[in-house]
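In this chain, numbering begins with 1 at the start of the sequence shown. In this text, all values refer to a predicted model and were calculated from it rather than measured experimentally. Heavy-atom basis, side chains included; hydrogens, waters and symmetry copies ignored.
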Amino acid sequence: MPVQRQRSFREGVWRQMSLQDGAAVDWLDAQGWEVLSIAPPFRLRADVIRTRHFALGRIWHSPARIRLRHENARKGNFVGLISVEGTAAVTCEEQLITLRPYEVLVREHDKTLTITTGEPTTRVVLSSSWTRLALADPTRARTREPAALTPNPGFVKALLGAATVALTEIEPTAPGFSGVQRSLESLLNAVVTATDPVQLWSGEPAHHDLFARAMHVMALFAADPKTTVTTVARELGISVGYLHHVCKAHGVTPARQLRAYRATLAKSLLGETQNEAPRLAQAAEASGFSSSRTMLRAIRDSPELP
C-alpha cells in the first residue's frame with residue numbers, strides 16, 4: 001500500500017497516487033500536512049518526489065483544511081506554493097492570503113501555514129533551501145509581509161511545465177537530476193525576482209471591497225463548525241463590531257450570511273434527496289451545522305446567495 005510505503009520515509013517517489021478518505025488523510029499526514037477538516041468524500045491525487053534536501057509535488061484534492069507541520073522542517077528551507085486550479089485561502093503568520101490560479105506564495109518552511117479550500121484545487125509545492133534559490137536579494141521574499149505573487153503567466157507556465165516533466169518522467173536517482181533541481185529553483189527565482197507582490201493586507205481595504213472579502217472568508221470557512229462571526233472578523237483583521245457595520249451597510253448580518261453559506265453547501269451535498277437520516281447527519285456535519293434539524297431550518301429560511 002502506498003501509505004505504508006511512505007510512513008518510513010522522508011525520501012521517495014510517489015506517482016499517480018489516488019487515495020480517498022482515511023488513506024488520503026494518512027498519506028498527507030505522513031508527508032507533513034495535518035488535515036484539520038474535510039468535506040467527505042475526501043479525494044486526493046498526487047505526484048511527489050522527495051529527496052533529503054528537496055521536495056516537489058503536484059497535488060489535487062477535494063475541499064479541505066490542511067496545515068503544514070513545521071516541527072521537523074529543515075532550518076533555512078523555504079516552501080513555495082504555485083496555484084494551478086481553484087482558489088485557496090492561505091493563513092500565513094496570522095494573515096489571510098487568497099491564492100488564485102497562477103499565483104505564487106514563497107515562505108519559510110518553519111512558519112505556520114494553513115490552506116483552506118471550498119472547491120477542488122490543484123497546486124504545485126516546491127521546497128528547497130534559501131541559498132539554492134539564489135536570490136540576488138535573499139531578504140526580498142524572507143522579510144516582507146506574506147503576500148501572493150502575481151507574475152506574468154508565462155513565468156508560471158514555464159515552472160509548471162518543468163515541474164510536470166520532472167514529476168512524471170525523471171527519477172531523482174538519475175545522474176542529471178541535480179541539474180533538473182537547479183532548473184526548477186532558477187525558474188522559481190525568476191518568478192520571485194521579476195514580480196512585485198500583491199499585498200492583500202494593508203491599513204485600508206485596498207484591492208477588494210471589505211464586504212466581498214468577508215463573504216469570501218465565510219464561503220471558504222463555512223464547512224468548519226468552529227467558524228463563527230468572531231473567527232471571521234479575526235481572519236479579516238477587524239473587530240466584530242466593525243464586521244457588523246460593514247454587513248449592515250449591505251442589509252444583512254454576519255450570522256445570517258454565514259448561515260446562508262452553510263445552507264448552500266448543505267444543499268449541494270444533499271442534492272435532490274433530503275429525507276435519509278444518515279445522509280442528513282453527514283451533510284450537516286460536513287457543512288458546519290450542529291445538527292440536521294438546524295441545517296434543514298437554515299436551508300428553508302436562508303436566502304439564495306448570488
Side-chain angles (χ1 to χ4, degrees), residues 36-40 62-67 86-100 112-119 121 145-148 198-270 274 280-306:
L36 302 177
S37 63
I38 58 173
S62 55
R65 190 179 192 197
I66 60 177
R67 179 169 58 205
T87 298
V90 182
T91 305
C92 183
E93 300 175 41
E94 299 184 349
Q95 290 186 300
L96 181 68
I97 301 162
T98 302
L99 197 63
R100 301 177 179 86
T112 300
L113 196 69
T114 303
I115 300 174
T116 304
T117 61
E119 60 183 342
T121 55
E145 292 298 305
V198 176
Q199 296 289 352
L200 299 182
W201 275 157
S202 62
E204 298 295 328
H207 303 296
H208 294 287
D209 174 78
L210 187 55
F211 177 76
R213 291 213 321 249
M215 297 306 100
H216 182 61
V217 170
M218 289 183 189
L220 286 172
F221 290 90
D224 187 347
K226 295 181 181 178
T227 299
T228 64
V229 172
T230 300
T231 61
V232 170
R234 187 181 303 132
E235 291 286 353
L236 290 165
I238 61 177
S239 69
V240 172
Y242 192 63
L243 177 57
H244 276 276
H245 174 75
V246 169
C247 289
K248 184 179 180 181
H250 289 78
V252 296
T253 67
R256 182 187 182 192
Q257 290 301 99
L258 180 58
R259 189 165 55 250
Y261 279 110
R262 283 178 168 150
T264 299
L265 176 58
K267 283 190 283 189
S268 70
L269 293 171
L270 285 171
Q274 297 185 15
L280 287 173
Q282 186 180 53
E285 181 179 2
S287 54
F289 286 103
S290 58
S291 69
S292 58
R293 179 178 298 179
T294 304
M295 176 190 69
L296 292 174
R297 185 166 59 247
I299 290 175
R300 184 188 67 238
D301 298 340
S302 293
E304 292 293 329
L305 292 168

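Rounding to the nearest 0.5 Å places CD1 of Ile97 at 10.5 Å from CD1 of Ile115. Here CZ of Arg67 is found 11.0 Å from CG of Leu113. Values are rounded to the nearest 0.5 Å.
When every heavy atom of Phe211 is checked against every heavy atom of Val252, the shortest pair comes out as CE1-CG2, 3.9 Å. Of all heavy-atom pairs between Ser62 and Thr117, the closest is O-OG1, 4.0 Å. The nearest pair of heavy atoms linking Leu99 to Val90 is CB-CG2, 4.1 Å.
Shown are Arg259, Gln257, Arg262; of these, the side-chain contact (heavy atoms from CB on, under 4.5 Å) with Met218 is made only by Gln257.
In terms of the side-chain contact (heavy atoms from CB on, under 4.5 Å) criterion, residue partners of Thr87 (sequence neighbours excluded) are, by chain and number, Thr98, Arg100, Pro101, Glu119, His216. Residues that satisfy the side-chain contact (heavy atoms from CB on, under 4.5 Å) test with His245, not counting sequence neighbours, are Tyr242. Qualifying side-chain hydrogen bond (donor to acceptor under 3.5 Å, both in side chains) partners for Ser37, counting only residues two or more places apart in sequence or in other chains: none.
With contacts defined as side-chain heavy-atom distances shorter than 4.5 Å, the pair Val229/Leu243 qualifies.
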